Amino acid sequence: MTFGFAPSSAASMSTSADLSAASANRLLEPAEWAAAGIPLLRNPREVVSGLHARHQPRPATAVIAVLDPDERLRASASFIRRPAPADGWMFRNALLAQLRRVIPHDLRRRAPVRTAVLLYCRDGDARWTEEDGAWMWGLRDACTLHGLRCGAYITLTRDGWQVLGEGRGGRRPHADSPAEPFATAMAPPPIPRTGGVASEVLRRAAAR
């Protein structure tokens with residue numbers, strides 16, 4: 001027979017409060033984000049339009065993209081946010097998993113060269129929310145762990161898009177925009193494929 005003690009209601013409430021406080025600390029306020037020295041996008045409209053055309057996000061979709069120094073897209077990935085309380089640590093893990101899947105890290109460099117930007121499509125208006133603050137915290141931390149510069153955080157709502165902390169935005173594309181032709185300027189270079197069935201199929205197609 002095993003004996004034990006059931007946790008008291010006070011202890012349970014204390015644990016829940018501690019978790020809520022920890023989650024609240026894993027977010028960035030707009031003033032903190034603005035003071036962090038986030039590099040400005042030279043052409044945010046082109047970046048947003050290119051990512052929208054490529055991933056066609058709908059509410060609760062996050063798009064993480066890596067840009068080279070010339071603001072060309074090197075890699076990107078999109079995923080659906082799970083229905084759970086906003087937590088920067090959870091968002092960091094999700095973003096880091098996507099970055100590791102689509103592009104090698106730059107941790108061996110003395111200073112970051114490539115920049116990661118995050119486009120998040122959500123309901124509501126363009127004003128900052130605590131969910132945005134958690135995404136900002138997660139983006140900054142994921143970039144540090146992957147050897148990238150932390151770039152812009154962009155929201156996409158039914159009102160349009162906005163680069164938070166910069167005050168720049170536009171009405172199109174927005175959360176309900178139809179898919180548009182993919183912007184070639186944002187297209188990453190083709191990935192060479194060698195060996196295997198795919199290469200043989202491509203070789204035969206070229207021979208025709």
Side-chain angles (χ1 to χ4, degrees), residues 26-57 61-79 81 86 88-122 126 128 131-157 160-170 173 180 182-191:
R26 293 191 287 260
L27 61 82
L28 293 176
E29 300 279 351
E32 295 176 291
W33 183 257
I38 306 299
L40 301 180
L41 290 169
R42 290 194 297 271
N43 194 335
R45 185 183 302 277
E46 182 178 290
V47 171
V48 173
S49 297
L51 293 178
H52 180 270
R54 184 178 182 84
H55 293 276
Q56 301 175 30
T61 303
V63 181
I64 182 72
V66 178
L67 309 179
D68 68 12
D70 294 323
E71 220 166 83
R72 290 190 298 261
L73 182 66
R74 297 293 94 185
S76 65
S78 62
F79 60 98
R81 178 206 190 292
W89 185 78
M90 298 294 291
F91 290 168
R92 184 276 306 274
N93 290 345
L95 293 171
L96 192 58
Q98 296 297 325
L99 288 171
R100 287 171 173 167
R101 185 174 64 84
V102 298
I103 198 164
H105 66 74
D106 278 348
L107 294 172
R108 293 185 180 89
R109 293 183 179 274
R110 292 185 177 180
V113 174
R114 297 181 293 191
T115 302
V117 300
L118 177 61
L119 171 70
Y120 182 55
C121 183
R122 61 168 173 76
W128 180 88
E131 182 185 24
D132 294 324
W135 278 116
M136 290 171 167
W137 190 97
L139 175 62
R140 186 186 65 177
D141 220 39
C143 288
T144 299
L145 294 174
H146 208 65
L148 302 170
R149 286 200 309 170
C150 179
Y153 172 68
I154 307 161
T155 57
L156 186 70
T157 65
W161 58 271
Q162 179 166 321
V163 185
L164 265 68
E166 294 185 19
R168 293 190 292 174
E180 298 178 1
F182 181 60
T184 55
M186 286 288 295
I191 301 174

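None of the values given here were measured: they were computed from a predicted structure. Sequential numbering from 1 along the given sequence is applied to the chain's residues.
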Check your understanding: Any side-chain heavy atom of C150 within less than 4.5 Å of one from I38?
Key -> yes
Review point. Is any side-chain heavy atom of M136 closer than 4.5 Å to a side-chain heavy atom of L27?
Key: no
**Study point:** Gap between atom CG of L51 and atom CG of L156 - 0.5 Å precision
**Key:** 10.0 Å
Practice item. Return the minimal non-hydrogen interatomic distance between W161 and P173, and the atom names on each side. Key: CD1-O, 3.4 Å
Review point. Got a second to check how far L95's CG is from C143's SG, nearest 0.5 Å?
Key: 8.0 Å
Practice item. Without swapping roles, check the side chain of R81 against the backbone of Y120 for a donor-acceptor pair under 3.5 Å. Key: no
**Study point:** V66 vs T115, side chain to side chain contact (heavy atoms under 4.5 Å, CB included): CA-CA, chis, key distance, verdict
**Key:** CA-CA 6 Å; V66 178; T115 302; over 6 Å; no
Study note, to complete from the structure: Heavy-atom nearest pair, T155 first then A126, reads OG1-O, 4.5 Å
**Study point:** Minimum heavy-atom distance between W128 and L164, given as atom pair plus value
**Key:** CD1-CD2, 3.7 Å
Review point. Which heavy atom of E166 sits nearest a heavy atom of L41, and at what distance?
Key: OE2-N, 4.2 Å
Point to revise | Side-chain (Q98) to main-chain (I64) donor-acceptor, under 3.5 angstrom | key: no
Study note, to complete from the structure: CZ of R74 to CZ of R114, rounded to nearest 0.5 Å, is 8.5 Å
Review point. What's the spacing between L107 CG and L148 CG if we round to 0.5 Å?
Key: 8.0 Å
Review point. With under 30° as parallel and over 60° as perpendicular, where do the rings of H146 and H105 fit, or are they tilted in between?
Key: perpendicular
Revision key, fill the gap. Closest non-hydrogen atoms of V102 and A77, given as atom of the first, atom of the second and distance, are CG1-CB, 3.9 Å
Check your understanding: Taking atom CD1 of I154 and atom SG of C121, what is their separation to the nearest 0.5 Å?
Key -> 12.0 Å
Point to revise | Minimum heavy-atom distance A152-W33, with the two atoms named | key: C-CZ2, 4.4 Å
Review point. With sequence neighbours left out, which residue pairs that include part of residues 137-153 fulfil the salt bridge (Lys or Arg N to Asp or Glu O under 4.0 Å) condition?
Key: R92-D141
**Study point:** Donor on one side chain, acceptor on other, H55 and T61, under 3.5 Å
**Key:** no
Exercise for review: Spell out, as yes or no, whether a donor-acceptor pair under 3.5 Å connects the side chain of D68 to the backbone of D70.
Suggested key: yes
Review point. If we ignore angles and hydrogens, is there a donor and acceptor under 3.5 Å between the side chains of Y153 and D132?
Key: yes
